[in-house]
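Read the structure below first, then the notes.
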Amino acid sequence: QVQLVESGGGLVQAGDSLRLSCVASGRTFSSYAMGWFRQAPGKEREFVVAIGWSGATTRYADSVKGRFTISRDNAKNTVFLQMNSLKPEDTAVYYCAASRVVTSDPLSYVSWGRGTQVTVSS
């Protein structure tokens, strides 16, 4: 399995952008699909987006389509989440996770980071 560390969160205003990064340890990063999930206070963790091992396959939650973009750099063991046109409802702790398949099912993810806080003020 891989160990994952997220970064890039912060406090921004509505309409601003943020770019999250998730760095993985280990030599097998390129064999994993990667996903981003988020959890707002008092709510369950929800799927945001996932990307296949090569980057050719992606899946987005409807709530972020057209605003968020996932990408990966296998040479740097890193997956990115570019978040544009942020809304207050995007406020949450964002987690990256590793899976063997591109899926929105959190039960399919075998490794999780500790998360990074994103707060969007109105």
Side-chain angles (χ1 to χ4, degrees):
Q1 295 185 357
V2 293
Q3 285 73 50
L4 306 171
V5 178
E6 305 95 333
S7 62
L11 172 63
V12 297
Q13 294 186 335
D16 286 350
S17 298
L18 274 177
R19 189 191 197 201
L20 306 184
S21 299
C22 173
V23 178
S25 63
R27 299 181 179 180
T28 59
F29 172 76
S30 61
S31 68
Y32 287 94
M34 298 297 297
W36 286 95
F37 290 76
R38 66 187 181 185
Q39 187 167 19
K43 295 187 177 181
E44 292 187 355
R45 190 169 299 189
E46 67 170 348
F47 170 76
V48 177
V49 61
I51 188 168
W53 67 271
S54 70
T57 302
T58 57
R59 179 178 294 179
Y60 289 86
D62 288 343
S63 58
V64 305
K65 281 182 181 177
R67 300 189 299 123
F68 290 12
T69 303
I70 191 171
S71 61
R72 66 189 297 162
D73 185 339
N74 287 339
K76 297 182 178 180
N77 280 13
T78 304
V79 61
F80 303 99
L81 181 62
Q82 178 67 42
M83 306 186 294
N84 298 330
S85 303
L86 282 162
K87 304 176 181 180
E89 51 264 43
D90 294 318
T91 295
V93 177
Y94 283 71
Y95 300 88
C96 72
S99 172
R100 291 299 185 183
V101 296
V102 177
T103 179
S104 60
D105 182 1
L107 296 178
S108 295
Y109 287 80
V110 297
S111 295
W112 292 82
R114 293 188 175 184
T116 185
Q117 176 71 46
V118 172
T119 303
V120 185
S121 64
S122 58

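- Between D90 and M83 there is no side-chain heavy-atom pair separated by less than 4.5 Å.
- Note that the CZ atom of F68 and the CG atom of L20 stand 8.0 Å from one another [nearest 0.5 Å].
- Both V2 and V110 belong to a common hydrophobic cluster when Ile, Leu, Val, Met, Phe, Trp and Tyr are linked at side-chain heavy-atom distances under 4.5 angstrom.
- Side-chain contact between T116 and S7 is absent, with no heavy atoms from C-beta onward closer than 4.5 Å.
- To the nearest 0.5 Å, the span separating OG on S122 from CD on Q13 amounts to 9.0 Å.
- Judged purely by atom type and a 3.5 angstrom limit, T78 uses its side chain to pair as donor or acceptor with the backbone of K76.
- Of the possible donor and acceptor atoms, one in the side chain of S25 sits under 3.5 Å from a partner among the backbone N and O of Q3.
- Side-chain heavy atoms closer than 4.5 Å link hydrophobic residues (I, L, V, M, F, W, Y) into clusters, and following such links, possibly through other members, connects I51 to L81.
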- Task: Applying salt bridge (Lys or Arg N to Asp or Glu O under 4.0 Å), run through D62 and K65 and close with a yes or a no.
- Result: CA-CA 5 Å; D62 288 343; K65 281 182 181 177; 3.2 Å; yes
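- A donor-acceptor distance shorter than 3.5 angstrom exists from the side chain of T91 to the backbone of V120, with no hydrogens or angles considered.
- If you take CE on M34 and OG on S71, they are separated by 11.5 Å, rounding to the nearest 0.5 Å.
- One N or O on the side chain of E6 and one on the backbone of C96 form a donor-acceptor pair closer than 3.5 Å.
- Going from atom OH of Y94 over to atom CD of Q117 covers 9.5 Å, rounded to the nearest 0.5 Å.
- In this structure the side chain of R45 reaches within 4.5 angstrom of the side chain of W112, judged on heavy atoms.
- Distance alone, capped at 3.5 Å, places no donor-acceptor pair between the Q39 side chain and the A92 backbone.
- Y109 and W36 are members of different hydrophobic clusters when ILVMFWY side chains are connected at heavy-atom separations under 4.5 Å.
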- Task: Determine, step by step, whether R100 and S31 satisfy the side-chain hydrogen bond (donor to acceptor under 3.5 Å, both in side chains) criterion, reporting the C-alpha distance in whole Å, the side-chain angles of both residues, the deciding distance to 0.1 Å, and the verdict.
- Result: CA-CA 8 Å; R100 291 299 185 183; S31 68; 3.2 Å; yes
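- No single ILVMFWY cluster, assembled from side-chain heavy atoms under 4.5 Å apart, contains both V23 and L4.
- S99 contributes a side-chain N or O that, together with a main-chain N or O of S108, makes up a donor-acceptor pair within less than 3.5 Å.
- Without hydrogens or angle criteria, N74 side chain to W53 main chain gives a donor-acceptor distance under 3.5 Å.
- Residue L18 is not grouped with residue F80 when hydrophobic side chains (ILVMFWY) are merged at heavy-atom distances under 4.5 angstrom, including chains of intermediate members.
- Considering every non-hydrogen atom in both R59 and F47, the closest pair reads O-CZ, 3.4 Å.
- The nearest pair of heavy atoms linking S63 to R38 is OG-NH2, 3.6 Å.
- Distance CG/N77 to SG/C22: 10.0 Å, rounded to 0.5 Å.
- Once rounded to the nearest 0.5 Å, the distance linking OG of S111 with CD of Q1 reads 4.0 Å.
- In terms of heavy-atom proximity, P88 sits nearest to A14 at CD-CB, 4.1 Å.
- Panel note: side chain Y60, backbone I70; a donor-acceptor pair is recorded below 3.5 Å.
- Counting only N and O atoms by type, the side chains of T69 and Q82 include no donor and acceptor under 3.5 Å apart.
- Judged by the 6.0 Å and 45° rule, R72 forms a cation-pi pair with F29.
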